[in-house]
Structure formats: C-alpha cells, structure tokens
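Here is how names work: the chains are called A, B, and so on, in the same order as the sequence lines, proteins then strands, and each is numbered from 1.
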Amino acid sequence: MKILVCISHVPDTTSKINFTEGDTKFDTNGVQFVINPNDEFGLTRAMWFKEKQGANITVVNVGGVETEPTLRKALAIGADAAIRVNTVATDGFSVAKQLANVVNDGGYDLVIAGRESIDYNGGMVPGMLAALTNANFVNNCINIEIDGNSVSATREIDGGKETVSTSLPLVIGGQKGLVNESDLRIPNMRGIMMARKKPLTVVEPVASNTETTSVKFEKPAPKGTVTLVSPDNLDELVSLLHNEAKVI
Amino acid sequence: MSVLVYTESEQGTLKKGAFEVASYAKAVASQLETTVTAVAINANNTSALGNYGVDKVLNVTNTQLETFNAKGYASVIKQVAENESANIIIVSSSADSKYLAPLLAVGLQAGYASNVIEAPTNTSPFTIKRTAFTNKAFEMIQINTDTKIIGVSNNSFGLVETTGNASAEEFSANIPDLGVQVKSTDKVTDKVTIADADIVVSGGRGLKGPENWGMIEELANVLGAATACSKPVSDLGWRPHGEHVGQTGKPVASNLYIAIGISGAIQHLAGINASKVKVVINTDAEAPFFKAADYGVVGDAFEVVPQLIEKLKAFKAQQ
Ligand SMILES: Cc1cc2nc3c(=O)[nH]c(=O)nc-3n(C[C@H](O)[C@H](O)[C@H](O)COP(=O)(O)OP(=O)(O)OC[C@H]3O[C@@H](n4cnc5c(N)ncnc54)[C@H](O)[C@@H]3O)c2cc1C
Ligand SMILES: Nc1ncnc2c1ncn2[C@@H]1O[C@H](COP(=O)(O)O)[C@@H](O)[C@H]1O
C-alpha cells in the first residue's frame, strides 16, 4: 500500500501570533515551526500501517525551502520519502491543486491529511484534494482499518461518532483519536541519522489559480480584567451572569 | 441570482444553526438587493425559515440521503445552485457542513471561506472577516471567483428575526454514486452538543478523577449546557475524546463557557476564546485562565460548584 501523508508546517501551539508589513504577513520572527498536530496523528497512524500491514509512506508539503526541517522530522519519525512542492502556499484551493498533481503522479492508495491546519484553519485542503482526484473522502477521521481495498473508518460527528465503510483510493481528514496521544513518536538519534539519507524531492508547481486572497490580519482587542467574585457570595455571580453579561 | 443557504436538519427537524445561517444569508441578500433561497434535505417543515428572511425553500426528499453523506449532499446543493443560478452559497460550521463544503467548492469552482464571523464588509471586491490561528487572530480575505461559498462560524452572527413567508417546493435531484456508507452511529441524543450549545460547562485535571464529574453534569443540566473537558482529561480516559476542547480538540463558540479546575494553557484558551463570556473556578489565583476570563472565583471546585448549582436552581425557580 502506498500512503501519502500531507504535512502542513505550522507555528508551535504556544506561539505568540504577530503580523508585519502593515499586518499583511505572519511574523515568523522567533516562531518555532512544527508538524501540524492533526498531521502528526495521521503520520503516526501511517507508521502503524507500515509496521503492521506493510506500507510505503511518502510525506508532502507545499511550501518554500524553510519547511524542509519539518519534512526531515517526518522522515526521522519513519516516513520513507518526502516531496516538497516548491511554491509558497497561497490558499487552500491552490494547495489542494498542487497536492492533486502529486497524488496523480504517485498513484497513492491512501492520502492522510489533517482535519485542519492550526494556522490557516481552512479545513478545506483534504476535501478539495479528494474531489480533485476523484477519491472517497472521510473527514474528522478518528479510526481507520484497511483490508485489501475495503476500508472501515470512524468519524467524529456533532455529539458522537459514526462508522462508515468505503474503499480505496481514499483521502481522510484526520485528527486526535487516529492514534493515542502516547503513541506519538519523538524522533531518536538513529531516525535522525537515517532521515538524512532518505530522498527529499523538490518538484516545481503546476499552474493554479488563487480563489481567495488574504488581505489583512487583525488581533483581537485586548481583554478587560476579570471580575472576581468571592466563593462565599455566589449569588453575586448568578446576578452578574444574568444582569450584566445577560447569558443566563 | 438569489443567495442560496443550506439549512441543515436532523431527523427531519431544522437545526438551530439553520436559522443562524438563514439570518446571515438574509444580511448578504440585503446588501446585494436580492432574495434568499434555502435548500433543505429531507426536512419535514421548513415554514419557520420565513421568520429569518428566507423567501423560498427547495426541499429534496430522497431515501438515499436519509443519513448524511458529504458527496451526495454536496451534489444536491450544487444542482440546486446551478438551477437557481445562485452564486453565493452560505453553509454553517457544523461537522457535516465543513465536510461537504470543500467538495461543493470544487464542484462549483467556487472560492470557499470558512470560519466567517461577520456579514461581508464589502461585496465588490467580495471581502469578509474570518478567524485564523485558532482564534488568536482575524483575517480579512477576498473571494475572487464568480461563485462563492461562505462557512459561517457557529454563534457568531446570531439569529435575526424578521417577518416573512417561505414558500416551499420539492426539488428533484440526481444522486451520484455515494462512495461512503454509514454502518453505525453512536450518538447521545438526549444531550446538548458542544457545537449547538449556548452554554458549555468544562472540567479540567483539577477535578482529580472521573468519579467527580457528577457535579459537572448536574451544573450543565441546570443550565441546559453541554459538557466539555481539557485535553489531559480525555487523554487520561476520564471523559470521552469527543468532549476535548481547545486548539487540537473541538472549537467552542458558546455564549457562556464555564471552566472548572482548568489552568488555562494557551492551547486550551485558543480553542474556547470565541466564546462570548468566560467564567473560571480555580483554587490558584495565579492560574492563567484568570487573565482570559470575564468572571472568576478563586476557590475549591468541590465547594463552589455544589453551591453554585443550588443558587442557580433557586434563580431558575424564580424565573
Ligand atoms: C500540541 C499541544 C496541543 C494541545 N492542545 C490542547 C487542547 O486542544 N486543549 C487543551 O485543553 N489542552 C491542550 N494542550 C494541553 C495544555 O497545554 C495543558 O496541558 C492542558 O490544557 C492542561 O489541562 P488542565 O488545565 O485540565 O490541567 P492542569 O494544567 O493540571 O490544571 C489543573 C488546574 O486545576 C486547578 N485545581 C486543582 N484543584 C482544584 C480544585 N479543587 N478546585 C478548583 N481548581 C483546582 C489547578 O490550580 C490548575 O490550575 C495541548 C498541548 C500541546 C503540547
Ligand atoms: N501547504 C501544505 N502542504 C501540505 N499539506 C497541507 C498544506 N496545507 C494544508 N495541508 C494539509 O491539509 C490539512 C488541512 O489544512 P487546511 O485546509 O489549511 O486547514 C492539513 O492538516 C494538511 O494535512
């Protein structure tokens, strides 16, 4: 089985978010970049398939040369090969278009992407990729089992979960649950050494149009200070929530 | 050329979110001086949509679509959009709508903006405000394509009532090969979901163990709220994963979020910051949550929560 894991390169979850160039660009100064958490769960599930059922794993990112350390980390975790599509990601559609080209070239059976990236939060790349490559699609995927061509997958729905059956080729939008938190792997020395020898291929982008353009960023207005209520005076809390905040 | 809105239903009944997206669609239609058409799938009674600005409802009744299927639903909405020559399509931010919207976007060659929190600031160029960086920032984006899809963030626009009548018609659509079949569903039906809830009561590691969740559920019950938890609580197996909220869990955009025994780590706050009013109950006055909250009680949850339940019961009885 050939698996492609889409890796988005995102600011670490503890990052302070700032903007430059008149609030039009994300300020990467001092920001640590990581594998998007949803993609890390997906990559770990891909490793499970590799170890239990036999699979070849390629990781892919659409981005500039600065994303290569993130791809190397994925190789150190255990992916076999990496591809970087050499263009700066502009919007979800253009990323999906580049990824579709990689998928069509490589003939992957299973494509694992994340439910959403924690920076752009578009939640659109996996679905668009599935539509562009005519693959089946399961979003918010928290479990996947594969037997030959048949797939059983579980997805989170509002208020519960749902188990579905489908078949390869398939794209999933994965998230926590695909593997346990404790199964996530930190690359070890041997993995890091081996990753240096694994292929990281840079491919040039295909023509694509940008459907949406980012114009400007804004930060939320600073919050006022908290109103403290004494634990002996909870009537006041009820009254504040009713009369002031008007939420009960 | 009317604005098209997909109004979701559950077991034939329109969801609350359907009225919010209808309200949003009405606002866009007013800006463009046009009407609102809704598309509903297997909905029994859609007349109430008239009170939120919908002029016409096209209902698709089809047994193949009894359970949600992203590809099937996206295809139906696409057929309606083409039939109505609609070039603006509004959907919600429910798990189902977020599942189908990217498929619809490719099908209609439409630009799609998700997590939108306001009516468009401009219709030419078409500019809207969305959240990004898990609520740590807002982003203004332009949609450049002729056809546009807007995913409205839950609870961001609210319900706007008007008076009007929604005429209803049946629309017959072709169903494509669905590709994905539902085998079983495991869903609590008697509880408010985090996505739909006006109020969310959330517990953290400060509650010490799963056996102490009785008071959290009782508080939620009194308030008609959904229950949620921090990430370690679900990782420890104290609560189901579906209750985990935050940057890597479910987003919360409720009117009121009550955090009990939760420290307020940046990854937790990011996912719940879209909530309008935040209350924290924590023994540690230095816990970071106090910087993010509107109201706070420095105290032991095991004393404060039972008392708060009593006070709220008394308050509700008075109402
Ligand atoms: C990549 C990444 C992603 C993450 N994503 C998320 C996420 O999506 N959501 C999330 O929640 N976390 C997330 N985290 C974890 C986050 O960093 C924190 O570890 C977590 O939120 C802490 O949970 P907590 O507040 O329940 O527990 P703790 O930090 O242990 O806090 C417990 C709190 O309870 C208080 N307390 C103790 N006893 C009592 C009592 N009797 N009464 C009242 N208060 C009491 C304590 O003072 C303390 O403030 C993520 C972390 C990483 C690295
Ligand atoms: N630039 C990118 N390169 C590779 N994969 C990406 C990229 N952007 C997004 N993805 C994938 O798509 C998922 C959802 O991203 P998004 O649609 O931006 O929320 C991510 O979790 C990744 O798996």
Pair [X] + [Y], salt bridge at N-O below 4.0 Å:
X: B:Glu10; Y: B:Lys16; result: no
X: B:Lys278; Y: B:Asp294; result: no
X: B:Lys129; Y: A:Glu218; result: yes
X: B:Asp198; Y: B:Lys276; result: no
X: B:Lys191; Y: B:Glu243; result: yes

Per-residue contact mode, [X] against chain A (heavy atom under 4.5 angstrom):
X: B:Asn115; value: side chain
X: B:Ala101; value: neither
X: B:Ile143; value: both
X: B:Ile281; value: neither
X: B:Val279; value: side chain
X: B:Ala285; value: neither
X: B:Ala110; value: backbone
X: B:Val277; value: side chain
X: B:Asn273; value: neither

inquiry  = Ignoring hydrogens, what is the shortest heavy-atom contact between B:Gly296 and A:Val226? Give both atom names and the distance.
reply    =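 Closest approach of B:Gly296 to A:Val226: N-CG2, 3.6 Å.
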
request  = Considering non-hydrogen atoms only, spot the tightest contact between B:Asn69 and B:Lys71 and give its length.
outcome  =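 Distance-wise, the nearest heavy atoms are OD1-N, 3.1 Å.
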
Go through [options] and name the one with the most non-hydrogen pairs under 4.5 angstrom from chain B.
options: A:Ser152, A:Pro126, A:Gly122, A:Ser182; answer: A:Gly122
options: A:Leu132, A:Val229, A:Asn36; answer: A:Val229
options: A:Ser239, A:Ala131, A:Pro220, A:Pro37; answer: A:Pro220
options: A:Gly127, A:Gly160, A:Ala245, A:Gly159; answer: A:Gly159
options: A:Lys219, A:Lys161, A:Glu116; answer: A:Lys161

For each of [options], tally heavy-atom pairs with chain A at distances under 4.5 Å, and name the one with the top tally.
options: B:Ile141, B:Asn135, B:Val298; result: B:Ile141
options: B:Ala113, B:Pro240, B:Ala132; result: B:Ala132
options: B:Thr145, B:Thr193, B:Leu103, B:Thr134; result: B:Thr134
options: B:Pro125, B:Ala293, B:Ala105; result: B:Ala293
options: B:Pro251, B:Ala137, B:Ala265, B:Gly299; result: B:Ala137
options: B:Glu139, B:Lys187, B:Gln109; result: B:Glu139

Proximity of [X] and [Y] rings by center, below 6.0 Å:
X: B:Phe133; Y: A:Tyr120; value: no
X: B:Tyr73; Y: B:Phe68; value: yes
X: B:Tyr99; Y: A:Phe137; value: yes

Contacts table for residues 164-181 of chain A: side-chain donor-acceptor under 3.5 angstrom, sequence neighbours left out:
from     : atom 1 : to       : atom 2 : distance (Å)
A:Thr166 : OG1    : A:Asn136 : ND2    : 3.1
A:Thr166 : OG1    : B:Gly179 : O      : 2.8
A:Ser167 : OG     : A:Asn136 : ND2    : 3.4
A:Gln175 : OE1    : A:Asn140 : ND2    : 3.2
A:Gln175 : NE2    : A:Glu156 : OE1    : 3.4
A:Lys176 : NZ     : B:Ser234 : OG     : 2.8
A:Lys176 : NZ     : B:Asp235 : OD1    : 3.1
A:Lys176 : NZ     : B:His241 : ND1    : 3.3
A:Lys176 : NZ     : B:His244 : ND1    : 2.9
A:Glu181 : OE1    : B:Lys231 : NZ     : 3.3
A:Glu181 : OE2    : B:Lys231 : NZ     : 2.8

query = For A:Asn243, does the CG atom sit with more than 12 other heavy atoms under 6.0 Å from it, leaving out its own atoms?
reply =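 For A:Asn243, atom CG is crowded (more than 12 foreign heavy atoms under 6.0 Å).
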
ask   = Are more than 12 heavy atoms from other residues, nucleotides or ligands located less than 6.0 Å from atom NZ of A:Lys223?
value =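 Counting neighbours around NZ of A:Lys223, more than 12 heavy atoms of other residues, nucleotides or ligands fall under 6.0 Å, so yes.
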
message = Please classify the contact between A:Ile142 and chain B as side chain, backbone, both or neither, with a heavy-atom cut-off of under 4.5 Å.
response = neither

query = Of the backbone (N, CA, C, O) and the side chain (C-beta and beyond), which part of A:Val138 lies under 4.5 Å from a heavy atom of chain B, both, or neither?
reply = both

ask   = For residues B:Glu8 and B:Ser94, is any side-chain donor paired with an opposing acceptor at under 3.5 Å?
value =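 Result is yes, a qualifying pair exists.
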
ask   = Checking side-chain contact (heavy atoms from CB on, under 4.5 Å) for the pair A:Thr210/A:Phe93: CA distance, chi angles, key distance, verdict?
value = CA-CA 7 Å; A:Thr210 299; A:Phe93 179 74; over 6 Å; no

message = If the test is side-chain contact (heavy atoms from CB on, under 4.5 Å), which one of A:Asn61, A:Ile77, A:Val10 qualifies with A:Ile35?
response =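 It is A:Ile77; the other options fail the test.
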
message = If we check side-chain contact (heavy atoms from CB on, under 4.5 Å) with A:Glu236, which of these qualifies: A:Leu234, A:Val238, A:Asp232, A:Leu240?
response = A:Leu240

query = By number, which residues in residues 252-260 of chain B have some heavy atom less than 4.5 Å away from chain A?
reply =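 The residues closer than 4.5 Å to chain A, in numerical order, are B:Asn255, B:Leu256.
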
